[in-house]
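Remarks on the structure that follows.
A note on names: the letters A, B, ... follow the listed sequences, proteins ahead of strands, and every chain is numbered from 1. None of these values were measured; they are calculated from a predicted model.
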Amino acid sequence: MSLKIYNSYTRQKEVFESITPGHVGMYVCGPTVSGESHLGHARPYITFDVLYRYLTHKGYKVRYVRNITDAGHFEEEGRAAEDKVSKKALLEKLEPMELVQKYTNLYHWAMKQFNCIDPTIEPTATGHIVEQINMIEKIIQAGYAYEINGSVYFDVKKYAANYDYGKLSGRILDDLLETTRELDGQEEKKDRADFALWKNAAPEHIMRWNSPWGEGFPGWHIECSAMATKYLGAEFDIHGGGMDLQFPHHESEIAQSTICNHHNPVRYWMHNNMITINGKKMGKSYNNVIKLTEMFSGNHPLLTQAFHPMVIRFFILQSHYRSTLDFGSTALEASEKALKRLWEAYEALQKMEADSTRLTATDIELEAKVLQLLNELEEFMDDDLSTAKVLANMFELAPTINSIKDGIINVTAISGTTLQLMKDRFKVILEDILGLTSMNSQDDGSLERVMQLLIDIRKEAKSKKDFATSDKIRNQLAEMGILLKDEKAGEMSWTKL
RNA sequence: GGUCCUGUGGCCGAGUGGCUAGGCAAGGCUCUGCAAAAGCCUCUACAGCGGUUCGAAUCCGCUCGGGACCUCCA
């Protein structure tokens, strides 16, 4: 089976074939660490984490590069050179790098909460100023960039005359030139569609570097081109990011890299869609963001409660990455309940003994259904990461698992090999590929043993019809946030609320 | 204004022309000392109007809604 992914560049699903057999080079646009990450940011990182995990599962050795944008960009071109980082730094009276460090740490922490695997390389823009300057020089030498007043701009018109400018974002240069929008500082550029490679730094600008064109700082798009080129080469397999970056960021990236490396840089472009609130994109500009720390603490007017990072991860995986996903507290609550149910079924499954020598099934129909649902899991993953369908199948299997556990269905209904297969597949899909983990925070196992003791005492009390004692145990545990559940056959299990 | 996406049952969401996704909520039942959990069952929707087709949520057109990008944005 082969993986098919939707390529934004060609606008169709394509069979994925890596440039170098067995290896994949993947670049994902990382965060700008001038502020705290919000729910919207979580989506690409979780989406591409799943892709990374899946490629690895498929046997690829993946070089996964995800940058940290810590150099800051101008808010509007040409405006008093005040980038986002330095502006905030003044407000908070912090060194720019201090600020950057703070938000980088916070971002890393959030990624850990989400159980995202670290990229194999996480380069920073400030650590690659030299590479960026070199790249700009090459573009100037090639004749596709010009310097004015200590700034360097990319000549889009010239590029468009010789290359396929606008293909990724479906943009037509003439339309762009007609845009009526008036921006400050446009007069410096030869053409309004041109974009900055290097910006001259005004005196008050804190973050600044020496360059052949004087003191300044890099334009927004060049860092990704420079770092992707350095670590992945002139042509690499996958480039990911949010849909809102398609233009102008990724379009510019293609132009820069193409001129510099004489090669279309990316084989497969992948873009995740936005998370919305009441149908509107969550974003700084809309003033409707919910920060991740707020999600985890529940400390936000739109939230009815705190949400575990795994619930958010699960929530995101329940939709397809190319669809918008509308945030809502009730939707999150639904995800929380769903995840708990699925996870408990999964844990029950793992506790079952599978006799792999028992090859026969007494319920042929069920056996066939289970096998089909299991086999579809990887098919769905292969189909442009259809995680929603994967989860749907797992939910379809949950009643079978629970019924076997409760003795409603005899374990012999399905073959031992199928049960073992189900155990294996569930583990691989849920933990390895989807990256889900238990929501119960790890402890040293002492809680587990204490709970077992209480369960034993309660079983004893029940058998003696001492319901006062059995209810006391159950009720007081409930007050502590632990739910005790009686099961069929007199067994008991527990879960944290 | 330009380019593009989208409109699915109470809510969230999959849906590649024909085979009722799934989750949550709701109702009924079973199990049960009680409750919860679990299991079984019920709820068959695709904005509207035309068209193509033996057959359309799925393709085409129009209308009405929503959104994204064109400026920093995941």
Side-chain angles (χ1 to χ4, degrees), chain A residues 11 13 28-32 34 37-48 72-77 83-84 166 169-172 174-176 178-183 193 220 240-249 271-276 278-286 289 314-315 318-320 322-328 330-339 341-342 344-345 348 380 383-384 386-396 398-403 405-406 408-409 462 465 467 470-471 474-475 478 483-488 490 492-495:
Chain A
R11 285 153 215 276
K13 275 185 204 169
V28 174
C29 285
T32 302
S34 63
S37 298
H38 60 74
L39 181 59
H41 295 118
R43 197 172 195 187
Y45 306 136
I46 288 171
T47 298
F48 293 110
H73 306 125
F74 32 83
E75 300 230 287
E76 279 177 13
E77 275 187 357
D83 71 34
K84 281 192 282 181
S169 57
R171 228 45 60 135
I172 295 160
D174 288 342
D175 293 344
L176 293 172
E178 279 168 22
T179 310
T180 51
R181 186 186 299 277
E182 279 306 325
L183 293 172
W220 176 31
M243 258 180 193
D244 49 355
L245 295 181
Q246 219 166 20
F247 189 89
H249 185 56
H271 291 95
N272 63 276
N273 215 316
M274 301 293 104
I275 286 182
T276 57
N278 298 321
K280 286 249 190 304
K281 174 186 171 184
M282 184 182 285
K284 278 173 237 174
S285 330
Y286 299 92
V289 303
F314 179 80
F315 172 67
Q318 266 185 308
S319 72
H320 191 265
R322 282 190 290 112
S323 301
T324 55
L325 173 59
D326 203 43
F327 161 84
T330 47
L332 262 301
E333 284 167 38
S335 288
E336 181 180 86
K337 285 184 187 157
L339 175 57
R341 193 163 81 83
L342 182 62
E344 277 165 24
F380 292 156
D383 184 15
D384 197 29
S386 297
T387 53
K389 285 181 169 183
V390 169
L391 288 170
N393 267 27
M394 299 187 114
F395 273 107
E396 282 204 71
T400 301
I401 295 169
N402 286 328
S403 293
K405 180 189 73 171
D406 289 342
I408 296 168
I409 296 176
K462 277 185 71 174
K465 302 232 184 280
F467 298 124
S470 66
D471 284 354
R474 184 176 66 197
N475 295 340
L483 183 67
L484 211 56
K485 295 181 291 193
D486 289 355
E487 296 174 348
K488 309 275 175 189
M492 293 173 202
S493 65
W494 60 279
T495 181

For [N] and [M], measure between their [atom1] atoms and round to the nearest Å.
N	M	atom1	answer
B:C24	B:G61	P	39 Å
B:U52	B:C62	C1'	15 Å
B:C46	B:G28	C1'	27 Å
B:A57	B:U44	C1'	13 Å
B:C11	B:U16	C1'	27 Å
B:G48	B:U8	P	10 Å
B:G1	B:G18	P	37 Å
B:C64	B:C12	C1'	24 Å

Taking a pair as Watson-Crick or G-U wobble with both distances under 3.5 Å, which nucleotide is matched to [N]?
N	result
B:C29	B:G39
B:G22	B:C12
B:A68	B:U3
B:G50	B:C60

Just wondering, do [Y] and [X] contact through their side chains at under 4.5 Å, heavy atoms?
X	Y	result
A:His41	A:Pro31	no
A:Asp383	A:Lys13	yes
A:His271	A:Ser169	no
A:Leu339	A:Phe315	no

Any N/O donor-acceptor pair, A:Ser169 side-chain to B:C69 base, under 3.5 Å: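 Donor-acceptor pair under 3.5 Å: no.
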Check: B:C34 base within 3.5 Å donor-acceptor of A:Arg474 side chain: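 Such a pair is found, so the answer is yes.
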Distance in angstrom units between [X] [atom1] and [N] [atom2], rounded:
X	N	atom1	atom2	answer
A:Lys281	B:C70	NZ	P	7 Å
A:Asp486	B:G39	CG	P	16 Å
A:Lys485	B:A35	NZ	C1'	14 Å
A:His271	B:U6	NE2	C1'	19 Å
A:Glu487	B:A38	CD	P	10 Å
A:Leu325	B:A74	CG	P	17 Å
A:Arg11	B:C69	CZ	C1'	12 Å
A:Leu245	B:U71	CG	P	14 Å

Let's see if you can work this out: which of [options] has an atom nearest to the side-chain heavy atoms of [X]?
X	options	value
A:Phe315	B:G15, B:G67, B:C12	B:C12
A:Thr330	B:C11, B:C69, B:G13	B:C11
A:His41	B:C34, B:A74, B:A14	B:A74
A:His320	B:G15, B:A74, B:G2	B:G15
A:Asp326	B:C69, B:G15, B:G13	B:G13

Taking all heavy atoms of [X] and all of [Y], pick out the closest pair and write down the distance.
X	Y	value
A:Lys462	A:Phe467	O-CE2, 4.4 Å
A:Asp406	A:Glu487	OD1-CB, 4.2 Å
A:Asp326	A:Asn278	OD1-N, 3.3 Å
A:Arg11	A:Gly170	NH2-N, 3.1 Å
A:Tyr286	A:Lys281	CD1-O, 3.5 Å

Over all strands shown, is [X] touching base, sugar-phosphate only, or nothing at heavy-atom distances under 4.0 angstrom?
X	result
A:Met274	base
A:Asp383	nothing
A:Gly279	sugar-phosphate
A:Met282	base
A:Ser403	sugar-phosphate
A:Asn273	base

Test applied, side-chain hydrogen bond (donor to acceptor under 3.5 Å, both in side chains); reference residue, A:Arg322; option that passes from A:Asn272, A:Asn273, A:Asp384: A:Asp384
Distance below 4.0 Å between [X] side-chain N/O and [N] OP1 or OP2:
X	N	answer
A:Lys284	B:A74	yes
A:Lys462	B:C34	no
A:Ser323	B:A14	yes
A:Asn402	B:G39	yes

A:Cys29 or A:Ser470, whichever maps to the more 5' nucleotide of RNA chain B: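 Closer to the 5' end of RNA chain B: A:Ser470.
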First of A:Tyr45 and A:Asp406 reached from the 5' end of RNA chain B, by closest nucleotide: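 Counting from the 5' end, the first nearest nucleotide belongs to A:Asp406.
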Side-chain donor/acceptor of A:Ser403 to backbone N/O of A:Thr400, under 3.5 Å: no
Expected rows: protein N/O vs nucleotides 21-23 of chain B N/O, under 3.5 Å:
{"unit_1": "B:G23", "atom_1": "OP1", "unit_2": "A:Arg341", "atom_2": "NH2", "d": "3.2"}

